[in-house]
Structures are given as structure tokens and as C-alpha cells.
K.L.:
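Take a look at this one; I'll ask things after.
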Protein chains: 2
Amino acid sequence: MDGHARRIPDATVARLPEYLRILVELAEQRIGTVSSERLAELAGVNAAKVRKDLSYLGTYGTRGVGYDVDYLLFQMRQALGVTQDWPVVVVGAGNLGRALANYAGFSDRGFPLAAVVDVDDAKVGTTVGEVAVRPMSDLAELVRANQPVIGVIATPGPVAQLVADQLVAAGVTAILNFAPALVSVPPNISLRKVDLALELQILSFYQSHRESGSASRSWA
Amino acid sequence: MDGHARRIPDATVARLPEYLRILVELAEQRIGTVSSERLAELAGVNAAKVRKDLSYLGTYGTRGVGYDVDYLLFQMRQALGVTQDWPVVVVGAGNLGRALANYAGFSDRGFPLAAVVDVDDAKVGTTVGEVAVRPMSDLAELVRANQPVIGVIATPGPVAQLVADQLVAAGVTAILNFAPALVSVPPNISLRKVDLALELQILSFYQSHRESGSASRSWA
DNA sequence: CCGAGCTTGTGCACAAGTTCACAAGCGTGT
DNA sequence: ACACGCTTGTGAACTTGTGCACAAGCTCGG
Ligand SMILES: NC(=O)c1ccc[n+]([C@@H]2O[C@H](COP(=O)([O-])OP(=O)(O)OC[C@H]3O[C@@H](n4cnc5c(N)ncnc54)[C@H](O)[C@@H]3O)[C@@H](O)[C@H]2O)c1
Ligand SMILES: NC(=O)c1ccc[n+]([C@@H]2O[C@H](COP(=O)([O-])OP(=O)(O)OC[C@H]3O[C@@H](n4cnc5c(N)ncnc54)[C@H](O)[C@@H]3O)[C@@H](O)[C@H]2O)c1
């Protein structure tokens with residue numbers, strides 16, 4: 001129907017949200033048109049790469065002019081699937097879980113906090129962000145009521161796999177894991193991991209071998 | 001000196017901390033030897049990749065046997081430069097900054113919290129984690145007293161560049177940025193970025209295009 | 001209507017990263 | 001001493017990602 005069947009490379013997908021963020025800023029500044037050159041500068045990448053990345057989404061630019069910010073923004077949102085909200089369920093109401101729940105930046109960008117759940121009875125019932133912490137037994141119900149949901153694991157590492165299994169059983173199909181542990185899920189479930197200690201160790205490496213250290217691999 | 005001058009690829013560097021975490025777990029379990037096959041399983045990667053990655057550090061395995069866990073652990077720490085502690089200074093005592101400051105996992109892995117600083121006078125003096133929040137004017141002094149320091153930016157996006165400049169001026173040579181903004185630093189400074197909203201958007205993409213989604217990348 | 005000045009979109013060569021496949025080497029048992 | 005099973009280390013093929021360079025195409029001024 002679209003004529004665009006070509007698969008978008010993983011490396012490109014990883015950059016799209018960055019372009020999206022920049023486009024939102026440009027739109028807020030009432031800037032109507034942007035060139036690949038300017039976009040590249042703002043994203044900290046090569047202009048040719050920007051053009052190639054955008055070309056995977058479709059032919060949305062105008063030669064001699066550039067890209068229409070609003071139109072590209074619309075197409076970018078479409079491509080990323082953020083035209084609708086993705087409610088987030090946070091598992092674990094500890095330090096990190098509470099910080100995430102209090103973070104306004106998620107709702108702003110289309111990821112409203114749906115619920116926070118925890119296994120600890122002492123935490124259930126306390127308020128965090130805009131919601132009350134719920135028991136694990138409510139998980140399936142909460143997921144059902146908010147589909148499609150993204151699950152966030154903010155529990156200690158040793159229970160991460162267990163929690164992931166519970167999320168999957170509850171019907172969650174996308175998971176973001178903050179626990180420092182390997183989690184495996186069925187093939188149709190999307191999983192990403194963020195490990196802060198790991199990032200610090202990578203910094204440590206490049207500092208120890210300081211001379212030609214481009215520690216910025218996940219750019220900027 | 002060592003005979004090992006070959007440059008370690010970025011992709012390999014990004015995986016080393018994961019191997020390190022696994023080796024620590026194995027050592028805790030009193031497991032003396034591990035094969036690339038087993039290590040690969042625990043890290044969720046291909047065994048050949050593990051062998052190639054480890055070969056960049058040196059020839060530490062024994063054919064027919066595997067790798068000595070303690071010895072490899074030592075070499076891995078050496079390679080990553082985490083034989084000594086890297087004190088961390090957190091800038092921004094908001095939701096995220098406080099969660100990070102309270103996080104024991106950093107100290108445990110060799111990144112003790114040295115200080116938290118904030119520009120907001122109302123926050124200066126309050127206690128967070130194990131330390132009192134200090135004013136920005138103390139930054140240079142705090143950095144000098146703890147070198148080598150890793151700076152963590154946990155402030156709103158619009159001031160991230162400003163904060164980065166202050167960190168660099170104070171003598172920080174490695175920065176981890178949590179703000180959703182592009183930050184540029186002089187070439188000899190290491191910089192990495194973690195953007196949680198970006199991760200959620202990548203998940204959103206793979207869910208929207210669900211069919212062949214290997215959403216995992218985060219160098220993990 | 002044409003030409004000048006830009007900027008896109010992409011073919012192509014090159015670089016980086018991954019995986020296979022297997023020789024080399026170790027340890028054990030006979 | 002030797003054969004056998006196991007595992008490493010790595011050349012080489014392959015896949016993925018990057019960046020240059022330029023033709024194609026748009027806009028605008030005259
Ligand atoms: N705090 C940080 O800044 C930070 C930074 C990096 C990584 N992390 C990681 O994030 C995770 C959480 O860190 P934290 O500091 O918030 O820890 P925390 O101990 O403060 O919180 C963990 C929470 O998970 C809950 N929990 C435990 N088992 C559970 C289960 N089976 N089901 C549901 N909930 C369960 C606990 O009750 C607790 O409320 C850890 O894996 C940590 O390594 C945290
Ligand atoms: N809270 C989260 O879970 C979360 C998640 C993802 C990303 N982030 C990002 O992390 C950053 C911090 O988030 P937060 O929720 O902690 O915000 P916050 O508003 O709670 O805290 C920001 C803190 O930075 C301080 N600050 C402001 N300007 C400063 C300056 N120039 N110098 C020093 N300190 C300054 C403020 O006083 C405040 O204490 C933001 O960029 C946010 O987008 C936060």
C-alpha cells in the first residue's frame with residue numbers, strides 16, 4: 001500500500017528517535033524547513049548518513065530546499081509507531097523505579113505511566129509519581145486494561161528473568177530492562193537493556209587507553 | 001611491554017563489561033574454568049565472538065580446557081581500567097540524580113559516589129545517598145580532590161552543554177550524559193549518552209513493525 | 001523560458017563487525 | 001608413546017554500516 005517495503009537497518013532505527021527529538025525542537029521554534037546538513041549538525045552525525053537514513057522512510061525531501069519539518073515529523077512519528085501512546089508499566093518501586101515514575105519526560109513523549117507494581121507489601125499502596133503502587137497480582141489486569149504496554153524492569157538483577165516471564169505472561173510485548181542481568185524472551189517480544197554501570201566501565205576503558213578514544217559509540 | 005598493541009574494536013569494548021559481570025558471578029560461584037561456549041551462553045552472544053573478543057586482550061585461554069576464571073577476571077579488569085576506583089560526581093540532584101546517588105551498585109563495581117552538586121540553593125545542603133548536595137561553585141574543588149573523576153549529567157536537557165563545559169573546565173575527562181540533548185566536548189574527553197525515552201521509541205518501532213524485530217542492540 | 005545555485009537521493013567503494021570452519025594445541029587414558 | 005576428544009585462536013567469507021561524490025531535480029531571478 002505504501003510502496004515502501006524496504007527494511008530499515010538497525011543502525012538507522014537507533015538514530016531515528018534522535019532525529020525525532022530534533023524535529024520536535026525545530027517545530028517548536030517554528031522552523032519550517034531543514035536541510036540534511038543542518039539536521040546532521042544538530043544530531044552530531046554525517047549529512048550523507050542523515051539523507052540515507054531518511055531515505056529509508058520514503059522520499060520526503062525536496063531537492064534544492066530540504067525537508068519540511070512538520071511533514072517529516074509526521075512521517076517520523078509514523079515510522080517509529082509513536083502516533084499513539086504506549087503506556088508504561090514499571091516493575092519495582094525502588095530508587096530507580098520511583099525516579100522513572102516521577103519523570104515527566106516520558107508522558108511528554110508519548111509514554112504515559114500506566115502503573116507501578118512491586119512485590120514488597122510495604123511498598124504497595126504508597127504513592128509514586130501519579131499512581132499508587134500495586135501488587136504483582138494486579139499485573140495481568142493492569143496490562144490488559146492498557147494494551148499495548150511497554151514493561152520496564154527496575155528490580156534487582158537476580159529476579160529480572162522472573163519478572164520478564166511475568167510480564168510476558170501478562171501480555172507485554174516490549175520490555176526495557178535496567179537490571180544488570182541477561183534476560184531472554186520469546187522471539188516476538190522486543191527487549192532492550194540499559195546498564196548504567198556498564199556505561200561507566202566503557203568510559204573507564206577509553207580513559208585508561210586515552211589517546212584515540214572515541215568513547216561515543218551510541219553517539220553524541 | 002606486553003606485545004599486545006592491537007587496537008580493540010569499539011564493538012568489542014562495549015561487550016567487555018558484560019563479560020566482566022559474568023566472570024564476577026562465576027568467581028562468586030567458585031567456578032574455576034569457563035569455556036567460550038558457556039561464556040557465550042551467559043552473555044547471549046555467539047561463541048566465536050567471545051573468543052575473538054577475548055583474543056584482543058591477549059592469549060589467556062588454554063586449548064582443550066577453556067579460560068581460568070580468576071585469571072581472565074584479572075586481565076579483564078586490567079583491560080577495562082577498573083583496577084582502581086573511579087569516583088563519580090553527579091550534577092543535578094533531581095529525580096534521577098538522587099536515584100543514581102542512592103544506587104549501591106555503582107560503589108560495588110568500583111564507581112564510588114564522590115559528590116552531588118546542584119545549582120538550586122534549595123537543594124544544596126540536603127542529603128542524598130551518603131553525601132550532602134554541594135553548590136556548583138564547589139565543583140572544581142571536588143574534582144581536584146578526587147581525580148580521576150567521571151562526571152554524570154542529570155540535569156534538564158537545555159543546560160546539559162553548559163554543565164558539560166563546567167565539568168570539562170573543572171578537569172573531568174569522562175562524562176556520562178542522561179539529558180536528552182547533544183553535548184560536544186574536546187576530543188580527548190570521553191563522552192557517552194544514555195537516553196531512556198530514546199530506548200522506548202526504539203521499542204515502539206520494533207513493535208510497530210513486528211515481524212523481524214531484533215530490538216536488542218544496546219551493546220548488551 | 002533558461003540558467004545559476006542549492007539540496008536531495010543513491011551508486012559505489014571502503015570500513016567495521018560477525019560468523020564459519022578448521023588447524024593447532026592441551027590433557028587424559030591406555 | 002600415541003590416539004582421541006575437546007577447546008582455543010584466527011584466516012577468510014560474508015554481512016552490515018559509512019561516507020564520498022555526483023546526477024537528478026527543485027526554486028528563483030531575470
Ligand atoms: N538506582 C539506580 O540509579 C540504578 C542505576 C543503575 C541500575 N540500577 C538497577 O535497577 C534496578 C533497581 O535498582 P534500585 O536502586 O531501584 O533498587 P531497589 O532495591 O531500590 O528497588 C528494587 C525494587 O524491586 C522490588 N522487587 C524485588 N523483587 C521483586 C519482584 N520479584 N517483583 C517485583 N518487584 C520486586 C523491591 O521490592 C524494590 O522495591 C537494579 O537492578 C539496579 O541494578 C539502578
Ligand atoms: N527522572 C528520570 O527517571 C529520568 C529518566 C530519563 C531521563 N531523565 C533525564 O535526566 C535529567 C534529569 O531528570 P530529573 O527527572 O532528575 O529532573 P529534575 O528536574 O528532577 O532534576 C534536575 C536537577 O538539575 C538541577 N539543575 C538545573 N540546572 C542546573 C545547572 N545548570 N547546574 C546544575 N544543576 C542544575 C535542578 O536544580 C534539579 O535538581 C533530565 O534531562 C531528564 O530528561 C530523567
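From a predicted model like this one, the values you see are computed outputs, not experimental measurements.
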K.L.:
In whole angstroms, how far is the P atom of D:dG9 from the NZ atom of B:Lys49?
P.N.:
18 Å

K.L.:
So A:Arg109 and A:Arg21, do their side chains get closer than 4.5 Å, heavy atoms only?
P.N.:
yes

K.L.:
I need the CG-C1' distance between A:Leu54 and C:dT10, as an integer number of Å.
P.N.:
14 Å

K.L.:
Side-chain N or O of A:Tyr67 versus OP1/OP2 of C:dG9: is the shortest distance under 4.0 Å?
P.N.:
yes

K.L.:
Just compare D:dG19, D:dG9, C:dG27 and give me whichever is closest to any side-chain atom of B:Ser55.
P.N.:
D:dG9

K.L.:
Nearest of D:dG17, C:dT19, D:dA21 to any side-chain atom of A:Ala48?
P.N.:
D:dA21

K.L.:
Please state how far atom CZ in A:Arg7 lies from atom P in D:dT15, giving the value in whole angstrom units.
P.N.:
14 Å

K.L.:
Check the distance between C:dT8's P and A:Tyr71's OH and give it to me in whole angstrom.
P.N.:
16 Å

K.L.:
To the side chain of B:Arg51, which of C:dT8, D:dT8, C:dC20 is closest?
P.N.:
D:dT8

K.L.:
Distance check needed: D:dT8 C1' versus B:Tyr56 OH, whole Å only.
P.N.:
15 Å

K.L.:
State whether the distance check finds a donor on one side and an acceptor on the other, under 3.5 Å, for side chain A:Lys52 versus base D:dG19.
P.N.:
yes

K.L.:
Indicate whether OP1 or OP2 belonging to D:dT8 is found under 4.0 Å from a side-chain N or O atom of B:Ser36.
P.N.:
yes

K.L.:
Verify, without hydrogens or angle tests, whether A:Arg98 (side chain) and A:Ala93 (backbone) share a donor-acceptor contact under 3.5 angstrom.
P.N.:
yes

K.L.:
Of the nucleotides C:dA21, C:dT18, D:dC26, which one has an atom closest to the side chain of B:Arg15?
P.N.:
C:dT18

K.L.:
Would you confirm whether A:Ser204, through its side chain, and A:Leu200, through its main-chain N or O, come within 3.5 Å as a donor-acceptor pair?
P.N.:
no

K.L.:
From D:dG17, C:dA21, D:dA21, pick the nucleotide closest to the side chain of A:Asp10?
P.N.:
D:dG17

K.L.:
Return the 5'-most residue of the pair A:Thr12, B:Thr62 with respect to DNA chain D, ranking by each residue's nearest nucleotide.
P.N.:
B:Thr62

K.L.:
Which of the following nucleotides, C:dC20, D:dA21, D:dT7, is nearest to the side chain of B:Asn46?
P.N.:
C:dC20

K.L.:
In whole angstroms, how far is the P atom of D:dT8 from the CD atom of B:Glu37?
P.N.:
8 Å

K.L.:
Are the side chains of A:Val24 and A:Arg77 in contact, using a 4.5 Å heavy-atom criterion?
P.N.:
yes

K.L.:
D:dT10 P sits how many Å from B:Asp53 CG, rounded?
P.N.:
13 Å

K.L.:
Do A:Tyr103 and A:Asp108 have side-chain N/O donor and acceptor atoms under 3.5 Å apart?
P.N.:
no

K.L.:
Does B:Arg63 make a side-chain donor-acceptor contact with the base of D:dT7, cut-off 3.5 Å?
P.N.:
no

K.L.:
Nearest whole Å is fine: how far is C:dC26 P from B:Tyr60 OH?
P.N.:
17 Å

